[in-house]
Amino acid sequence: MPDPPKPSAARPEARNPRGFADRRARDLAAERAILAAVSAVYERYGFELLETPAFEFTDALGKFLPDADRPNEGVFALQDDDEQWLALRYDLTAPLARFAAQNWETLAKPFRRYAFGLVWRNEKPGPGRYREFVQCDADTVGSARPEADAEIIAMAAEGLAATGIPEGAAVLKINSRKLLNGLMASAGVAEEGQKLAVLRAVDKLDRLGEDGVRLLLGEGRLDESGAFTKGAGLDGAAAERVLAFTRAGAGRDETLNRLSNVIGGSTAGDEGLAELAGIEAALTSLGVGPDRAVFDPSVVRGLEYYTGAVFEAELLLETKDERGQAVRFGSVGGGGRYDDLVARFTGERTPATGFSFGVSRLAAALRAAGRDRGAEVRGPVVVVAFDQGRMADYFAVASELRAAGIPAEVYLGQSGMKAQMKYADRRFSPAAVIIGEDEFAAGTATVKDLDLGRALSAGVADNAAWRAERPGQVTVPRAELAAAIRKILDPRR
RNA sequence: GCCGCCUUAGCUCAGUUGGUUAGAGCGCCAGAUUGUGGCUCUGGAGGUCCCCCGUUCGAUCCGGGGAGGCGGUACCA
């Protein structure tokens, strides 16, 4: 029983926590289509499905230790009744590293696994950014070969195409953390804090442009709201060296040549160049051309666990929000090589590489671009509850339709027939079944094709005419009901 | 976290230079149409004007504080 009405001050407000969105049937249908398409690609490449729990021990996830001042920073954490800290996973890679370390002896290696599921991040949400969202990952653990990276990139490219993104509307950008380290060496940046500041500045190139990044590499930048961001403190020559590095993107071969000129000679830089050359060769043999995957020295990605190649999937589709404003979705996925993550558990360096699709964001982007499949979700055939004393008969009709494989329901509200028709219309039902006194007496059923009515209603101005017309309505012998409805659902039969 | 803007009906927003019954459009419910979705017309329901404190005879409006939302920026393992 519902509680009696309370004074409004005591009533809870019906609302979502910030960054947590309800997802209705049409949203989920779009997400499911993406997951199915991407999963099929992963399985074709020989990756096996793995599901791990939503919660992990906080220390297994990374740097957030139970005794840190703010255990909830970045993740949603709580203390179990045995006082151990647990946290909701913030991605699918850290749980994979835990799983691989835990089961290493029993796995066929290299271990190739894909996974999808919700992840949670306790941070400020923004447009297209939620605190709960779906990711879909594929990772290879136990191979240091650049071919492993190339294969991950090839799958990401195929996955993008499989979700319905048109040719040329998305591109994978590839870089290497080793190149970035080589760049630091050649620009004379040794101090860790300054390195991070330089990387962060480079990461913003697509958003702030070269001038903004130049400010961030130097003294700092004042944004339009009046907030000041402290810069990396490089001198002019060093800043220009960094910018020259970011400008080296061109064709894949040409990029490697140019990069070699900027940072060749440093150990890390040469290693990175060799790896990218290996990836380039493998990509070409996998049939992934420069139209789908390019080297882009400005790609940085996450700052902590990547050790080599890093990847980012960027959407180039023009998208608009409800108000017609252009929206940049930018990155819809990313990944890279993380050779040290499993070693956190085992002490043994275990090479690994992977890629993660941001499924929720990809779905939102496809919707905004008008590319999502099947926006409307079809409702069931509605059996009109015409005579409240005949509910048993209506349920028998619904059961009969269900047995025939046709989604059906009896209207269970209190409203009259007009409202019931409106209900069926709103559910986007294909048909309504009307059985009243006349039909019961005659042993018939009236079936109304609602799609046909939807189409015809546009041409009828007058209500009396609209009603008299009874568009798409037929009365058939009761025994032929299912067949009549099937004819509406699939006119080709 | 920092900076800025904002908060009035389910939604989008008017409005009250502090005064008694706070409005519109859309949406919702119903009637016109004893058994039929759209259109049209008519009627109805729906609001502690974000919260608290202060000033005032009187605050949705003024002052202070708080919360929430939006945007930018930072962070994003």
Side-chain angles (χ1 to χ4, degrees), chain A residues 7-11 13-19 58 60-65 70 73-75 87 89-91 93-94 97 119 121-127 129 131 196-197 200-201 203-204 207-208 212 216 220-230 300-306 322-323 325 331 334 336 338 340-341 344 379 382 384-387 413-429 431-440 446-473 475:
Chain A
S8 56
R11 277 190 229 140
E13 190 181 344
R15 56 180 187 150
N16 291 80
R18 171 158 54 155
T58 302
L61 287 183
K63 66 189 178 189
F64 291 94
L65 301 171
R70 299 200 286 179
E73 183 74 6
V75 300
R89 64 187 181 205
Y90 57 81
D91 70 8
T93 307
V119 301
R121 294 189 186 181
N122 190 6
E123 52 193 32
K124 183 184 156 184
R129 269 181 63 169
R131 296 207 288 175
L196 288 180
R200 286 175 191 147
D203 196 31
K204 291 175 182 58
R207 201 149 40 83
L208 301 180
L216 282 176
R221 175 175 173 272
L222 194 67
D223 71 47
E224 55 211 71
S225 75
F228 183 74
T229 308
K230 196 168 178 300
V300 173
R301 298 296 303 165
L303 302 173
E304 221 58 43
Y305 63 47
Y306 291 121
E322 307 83 40
R323 297 179 180 178
Q325 296 280 309
S331 165
Y338 49 98
D340 295 330
L341 207 50
R344 291 188 56 247
V382 171
V384 173
F386 187 90
D387 177 349
Q414 303 293 330
S415 300
M417 177 156 185
K418 185 182 168 82
Q420 297 191 39
M421 294 305 298
K422 204 168 170 177
Y423 171 82
D425 190 39
R426 278 197 180 178
R427 290 293 304 275
F428 201 40
S429 295
V433 175
I434 303 164
I435 308 178
E437 288 165 40
D438 300 347
E439 286 86 354
F440 277 121
T446 296
V447 178
K448 183 158 181 139
D449 183 338
L450 296 175
D451 283 343
L452 189 59
R454 283 182 190 104
L456 293 177
S457 78
V460 182
D462 162 64
N463 182 263
W466 161 249
R467 289 197 170 198
E469 201 128 320
R470 301 273 152 100
Q473 192 164 317
T475 298

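Both backbone and side-chain heavy atoms feed into the values below; hydrogens, waters and symmetry mates do not. Below, chains carry the letters A, B, ... as their sequence lines are ordered, and counting in each starts from 1.
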Heavy-atom distance under 4.5 Å between the side chains of A:F428 and A:R454, does that happen here? yes
Nearest-angstrom distance, P atom, B:G63 to B:C28: 40 Å
Nucleotide B:A77, atom P - distance to CD of A:E123 in whole Å: 8 Å
Rounded to whole Å, the CZ-P distance (A:R200 to B:U73) equals 16 Å
C1' atom, B:G31 versus B:G23: distance in rounded Å? 25 Å
Rounded to whole Å, the NZ-P distance (A:K422 to B:G31) equals 11 Å
Between B:G37 (P) and A:L450 (CG): distance, integer Å: 11 Å
For Watson-Crick and G-U wobble pairs within 3.5 Å on both distances, what is RNA chain B written in dot-bracket notation, | included for inter-strand pairing? (((((((..((((.....[...)))).(((((.......))))).....(((((..]....))))))))))))....
Test item: A:R121 side-chain N/O and A:Y90 main-chain N/O as donor-acceptor pair under 3.5 Å: yes
Indicate, with a heavy-atom threshold strictly under 4.0 Å, whether A:R454 touches base, sugar-phosphate, or nothing. base
Determine: side-chain N/O of A:S415 to OP1/OP2 of B:A30, distance under 4.0 Å, yes or no. yes
A:R18 CZ to B:A67 P, straight-line distance once rounded to whole Å: 11 Å
For nucleotides B:A24 and B:G15, find the distance between their C1' atoms and express it as a whole number of Å. 10 Å
Kindly indicate whether the side chain of A:K448 and the base of B:U36 share any N or O donor-acceptor pair separated by less than 3.5 Å? yes
Would you say that A:L450 contacts A:M421 through its side chain, given a criterion of any heavy-atom pair below 4.5 Å between the two side chains? yes
What is the distance, rounded to the nearest whole Å, between atom CZ of A:R221 and atom C1' of B:C3? 13 Å
In terms of relative ring orientation, are A:Y338 and A:Y305 parallel, tilted or perpendicular, with 30° and 60° separating the classes? tilted
Exam field: side chain A:R89 to backbone A:A94, donor-acceptor pair closer than 3.5 Å: no
Would you measure the distance from the C1' atom in B:C26 across to the matching atom in B:A45 and give it in whole Å? 16 Å
Any base atoms under 4.0 Å from A:D449, or only sugar-phosphate, or nothing? Heavy atoms, all strands. base
In whole Å, measure the gap between the P atoms of B:C51 and B:U7 for me. 14 Å
For the pair A:Q420 (side chain) and A:A385 (backbone), establish whether a donor and an acceptor sit closer than 3.5 Å, ignoring hydrogens and angles. yes
In whole Å, I'd like the distance from the CG atom of A:D451 to the P atom of B:U36. 21 Å
Remember a base hit wins even if backbone is also touched, and classify A:D438 as base, sugar-phosphate or nothing at under 4.0 Å, heavy atoms. base
Could you state the atom-to-atom distance from CZ of A:F386 to C1' of B:U36 in whole Å? 9 Å
So what does A:L456 hit on the nucleic acid, given a heavy-atom distance under 4.0 Å: a base, only sugar-phosphate, or nothing? nothing
Walking RNA chain B from its 5' end, the first of A:R121 and A:M417 to be reached, judged by nearest nucleotide, is A:M417
Do A:K418 and A:K422 have side chains that get closer than 4.5 Å, going by heavy atoms? no
Nearest-angstrom distance, C1' atom, B:G27 to B:U12: 11 Å
Grab the two heavy atoms, one from A:R18 and one from A:K124, that are nearest each other, plus how far apart they are. NH1-CG, 4.5 Å
Remember a base hit wins even if backbone is also touched, and classify A:E439 as base, sugar-phosphate or nothing at under 4.0 Å, heavy atoms. base
Suppose you measure atom C1' in B:U8 against the same atom in B:G69; what distance do you get, rounded to whole Å? 15 Å
What is the minimum heavy-atom distance between A:L216 and A:L208, and which atoms define it? CD1-CD1, 3.6 Å
So what does A:Q473 hit on the nucleic acid, given a heavy-atom distance under 4.0 Å: a base, only sugar-phosphate, or nothing? base
Taking atom P in both B:A14 and B:U21, what distance in whole Å separates the two? 25 Å
Comparing nearest nucleotides in RNA chain B, the 5'-proximal residue of the pair A:P17, A:D203 is A:P17
Suppose we call a contact any N or O donor and acceptor under 3.5 Å apart; does that hold for the side chain of A:K124 and the base of B:U73? yes
Does A:K204 reach a base, just sugar-phosphate, or nothing at all? Heavy atoms under 4.0 Å. sugar-phosphate
